[in-house]
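Structure record follows, encoded as structure tokens.
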Amino acid sequence: MINKEVRDAEDAIRDITDGSVLLLGGFGLCGIPEAGIQALVRKNLKGLTCISNNAGVDDFGVGLLLKKRMLKKLIASYVGENKEFEDQYRAGELELELIPQGTLAERIRAGGAGIPAFFTPAGIGSELAEGKEIREFDGRLYLLERWIKADFALVKAWKGDTAGNLIYKGTARNFNPLMAAAGKTTIAEVEQLVPAGELDPNQIHTPGIYVQRIFEGAGYEKRIENITVSP
Amino acid sequence: MINKEVRDAEDAIRDITDGSVLLLGGFGLCGIPEAGIQALVRKNLKGLTCISNNAGVDDFGVGLLLKKRMLKKLIASYVGENKEFEDQYRAGELELELIPQGTLAERIRAGGAGIPAFFTPAGIGSELAEGKEIREFDGRLYLLERWIKADFALVKAWKGDTAGNLIYKGTARNFNPLMAAAGKTTIAEVEQLVPAGELDPNQIHTPGIYVQRIFEGAGYEKRIENITVSP
Amino acid sequence: MLSKEQIARRIAREIKDGQYINLGIGIPTLVANYIPDHLQVVLQSENGLLGIGPYPQSSDINPDLVNAGKETISMVKGSSLFDSADAFAMIRGGHIDMAILGALEVSENGDISNWKIASGLIKGVGGALDLVASDAKLLVAMLHCHKDGSSKLRKQCKFPVTGVRCVHKIFTDLGVFSILPEGGFKLLEHAPGVDPDEIRKKTEGRLVIKGEIPEMTGFQ
Amino acid sequence: MLSKEQIARRIAREIKDGQYINLGIGIPTLVANYIPDHLQVVLQSENGLLGIGPYPQSSDINPDLVNAGKETISMVKGSSLFDSADAFAMIRGGHIDMAILGALEVSENGDISNWKIASGLIKGVGGALDLVASDAKLLVAMLHCHKDGSSKLRKQCKFPVTGVRCVHKIFTDLGVFSILPEGGFKLLEHAPGVDPDEIRKKTEGRLVIKGEIPEMTGFQ
């Protein structure tokens, strides 16, 4: 099998430059590419476009990129938790494109799957439908939506092998598999990297073909946004 | 969890009637719902429309339904191995709709996913494009294709639980997960049925929500079309 | 007037055996606590889980297991995990039977507005647009009025709409309402101690009161 | 003239390190036997496997593990399994680097016809239409002529076309050909003992022979 292992996050993001378009996995702070984001912060790039379901919080996740004013545009479904976003947005320093979460997921899935456009009922009657083609199928209205692809995808998995195969854990899976398939160069970071052949082929969530670089991250913080416990 | 277990194949197909539209899982003879097909044969229904990647062989799989002249229409990507098909087709007794395999898979996936139509490059320039809408995206031509759904889906998995969760094995997975999601009533047969809670939630291929009935089949023949061995 | 917990309790009575349900953030999340034990229902979390269980014991907190509100959760027996595209395929494909959502406002023809708006800025749409456009029966849980006293049951929504003609029933601190096919909120039940006249005053849209309106029960 | 095995051997030389490749039924399937050991390549089977291994030992035959030709196979280390929608998402999405397919005919502008036709009846399209429409570099392996002696390298395909302007190179028992941007088969190599004149006679479409044509090697 082709060996996709790279040294570390710095090595993995070596050709991400000012102005790159990035897909960033995760839902809230769950399943985000922590090591990759930290490496981006250290590199202090400018003018990035990030496609990520959320904007992180002020001092973690995508919020770290916002804080350093590295983003030109954010494409997300929900940015409610981030105050830094609001300031930059109101100051006109940041573009925002809000997309319904299911449409965002399906557009990214379409990008990886070679489907340039598809119809979905989500958004009909809302202001998100403005300027979009509407068509009736079987008596119901649908919006035409385009695929989303990007130069780079940064995803995080639980286990991975040197062939690039990935297994996610719990709800940390979320946007990661779709983004892995929609990135021209997909960078996977894993908690545990094993030699090809150690993972059960039947349990792979992301086949290695979608991953161009893989490394084992260290010291995952896995911050929790809302700790809720049973009494 | 909701218990989806039914007694056997007869019980599972109880409301399939003459003229029903069925999705039948499997690729060639690999991963086909053997028990369900045999129950259909015993029930000797007429005028069925079957959506199945292949037509089986003369004495196994979908071929058994052909042999008993139970089919009105077959929607498939390849029917090469079945002579019975050819006779009935030439006699005008059977309609055939040939669909490129990837388009067939994606149309069924769209049916389960609530996508009424999507664009694909497969078939551009061929006679399969006749009468279909063609549109250019980013300088390339694509065909508009519609979703496929059906009254019933018959699928076969390796393991399942009473909540309807399914795990497939090897390349016997093929069309089964997509069809499970596109059937109004999905009937799953498994080699091993376990109580809900015994399967790892992280390894489920088909979430139980897609399965309305499940039973453990017995005596799987798993016939092989082409036995090939290394010298 | 009902508390948020009481609204949640009342909605829980709408749930039927065998349903797959998506609960939104806020009052809807509370509904999970009041589903009768004899009902077999499955809760979906649109970030990739079927089979949400109770909040975990503090010793069992798992950062890799959160709900759509980013709260730590547990899984019940028979759960399954999947990615975000599959989660919304499930919703869009009509496999979820019921969605219980919060809302900013509902109009008398069943339009809903439930963007996340903070200091006048739309800060998110989340999964609500997909849910309201799906075949899931849509129940709305919300307080009857905004903080400034203006009604959330309106002729037309003031806020941008997220879905049109999609709401099935509304549960507020004042009562239970259905949407009439010809438009209008039909009062089905009133909260204890709440006069239908008070409800009429606090409902901006067309309110239809026909015959004797029973008092809400089943929220204790 | 080359045997089918020799055509397969010659095509194997086109494979580059790190490629993901889909091999069609027939001569293409044979190519797997001749991929040089020092190359790390991964073979995809469109029925749901990345990482096809050799045919199994007779003691290891597994009915749940077949290739697109329904033949029993094995898996190499680092394989992954998936469903048919994912398999074709991989193809359609441009993730497969190269496809090696059989064909009924190829036209001089790179159209391909490779339906499964038996006794005049189209019996299948399989996964070929998706592969020829993808970004995968398309190599065709076929005999130069039909059984009746008529050429398979044609001005226009006689049989219905499965894809247009998609063929990159053609490997036959007589030679290796590329498709010129302006149309026409460019002879790149001729088989040992086969005269370019013979190739010209057996090629119905426009054949371009420029300069000295090297003899095919690398198929022994």
Side-chain angles (χ1 to χ4, degrees), chain A residues 27-31 53-55 76-82 85-86 89-90 96 98-106 108-110 112 120-128 142-143 158 168-178 205-206 220-231, chain C residues 29 45-49 53-75 81-92 111 113 115-119 121-135 160-166:
Chain A
F27 179 90
L29 301 181
C30 182
N53 188 58
N54 306 88
S77 89
Y78 185 66
V79 296
E81 290 89 354
N82 196 295
F85 154 78
E86 193 172 328
Y89 180 75
R90 289 195 193 273
L96 173 68
L98 280 180
I99 300 179
Q101 194 177 150
T103 299
L104 179 63
E106 189 66 16
I108 297 167
R109 190 261 174 196
T120 176
I124 284 290
S126 84
E127 61 184 41
L128 293 185
Y142 296 87
L143 287 182
W158 175 41
Y168 306 91
K169 197 172 154 195
T171 58
R173 196 184 316 181
N174 56 64
F175 280 83
N176 286 298
L178 352 169
H205 296 131
T206 290
Y220 281 101
E221 181 178 344
K222 293 197 189 178
R223 196 184 294 188
I224 298 173
E225 260 176 90
N226 302 310
I227 294 180
T228 43
V229 294
S230 279
Chain C
T29 300
S45 195
E46 68 263 27
N47 55 324
L49 169 64
Y55 293 135
Q57 299 298 312
S58 53
S59 55
D60 292 334
I61 285 176
N62 177 357
D64 292 327
L65 200 61
V66 301
N67 66 14
K70 288 110 182 177
E71 298 173 326
T72 47
I73 48 162
S74 68
M75 292 190 281
L81 294 155
F82 34 86
D83 67 38
S84 299
D86 287 343
F88 283 94
M90 216 171 262
I91 291 169
R92 203 188 303 104
D111 297 354
S113 169
W115 310 80
K116 298 297 173 300
I117 297 191
S119 22
L121 196 65
I122 291 183
K123 299 191 83 171
V125 292
L129 274 102
D130 303 275
L131 279 161
V132 304
S134 82
D135 285 336
V161 157
T162 46
V164 290
R165 299 180 179 277
C166 52

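The shown structure was predicted, so the numbers you read here are calculated from the model rather than taken from an experiment.
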Q. Tell me, side chain or backbone of C/T162 under 4.5 Å from chain A's heavy atoms, or both, or neither?
A. backbone
(Q) Quick one, A/L128 and C/L129 - any side-chain contact, counting heavy atoms below 4.5 Å? (A) yes
Q. Relative to chain A, which segment of C/D111 carries a heavy atom at a distance below 4.5 Å: side chain, backbone, both, or neither?
A. neither
Q: Kindly give the heavy-atom pair with the smallest separation between A/E127 and C/P160, and that separation in Å.
A: OE1-CB, 3.4 Å
Q) Quick one: CG on C/D130 to OG1 on A/T120, what's the gap to the nearest 0.5 Å? A) 6.0 Å
Q. Between A/S230 (side chain) and C/Y55 (backbone), is there a donor-acceptor pair under 3.5 Å?
A. yes
**Q.** Per-residue contact mode, A/I227 against chain C (heavy atom under 4.5 angstrom)
**A.** both
(Q) For the CG atom of C/L131 and the CD atom of A/Q101, what is their distance to the nearest 0.5 Å? (A) 9.0 Å
Q) In terms of heavy-atom pairs under 4.5 Å with chain A, which of C/V66, C/V125, C/T72 leads? A) C/T72
Q) Heavy-atom distance under 4.5 Å to chain C: side chain of A/Y168, backbone, both or neither? A) neither
Q. Considering only heavy atoms from C-beta outward, does the side chain of C/F88 approach that of A/E106 to under 4.5 Å?
A. no
Q. Under a 4.5 Å heavy-atom cut-off, does chain C meet the side chain of A/I99, its backbone, both or neither?
A. backbone
Q: Mind listing the closest non-hydrogen atom pair of C/L65 and A/G170 along with its distance?
A: CD1-CA, 4.2 Å
Q: Pick whichever of A/N174, A/N176, A/I124, A/L178 has the most heavy-atom pairs under 4.5 Å with chain C.
A: A/N174
Q: Run through C/D64, C/D86, C/L49, C/D83 and flag the one making a side chain to side chain contact (heavy atoms under 4.5 Å, CB included) with A/R173.
A: C/D83
Q.
Measuring only between side-chain heavy atoms, which start at C-beta, is C/R92 closer than 4.5 Å to A/P121?
A. yes
Q. Considering only heavy atoms, which portion of C/A68 lies under 4.5 Å from any heavy atom of chain A: side chain, backbone, both, or neither?
A. both
Q) Where does C/S134 contact chain A at under 4.5 Å (heavy atoms): side chain, backbone, both or neither? A) backbone
(Q) Quick check on C/I91 against chain A: is it the side chain, the backbone, both or neither that has a heavy atom closer than 4.5 Å? (A) neither
Q. Taking C/K70 as the fixed residue, which of A/I224, A/N54, A/T228, A/T171 is the one that meets the side chain to side chain contact (heavy atoms under 4.5 Å, CB included) rule?
A. A/N54
Q: Could you tell me which non-hydrogen atom of A/S126 sits nearest to which non-hydrogen atom of C/W115, and how far apart they are?
A: CB-CZ2, 4.3 Å
Q | Among the listed options C/V161, C/V164, C/N47, the residue most often paired with chain A at heavy-atom distances under 4.5 Å | A | C/N47
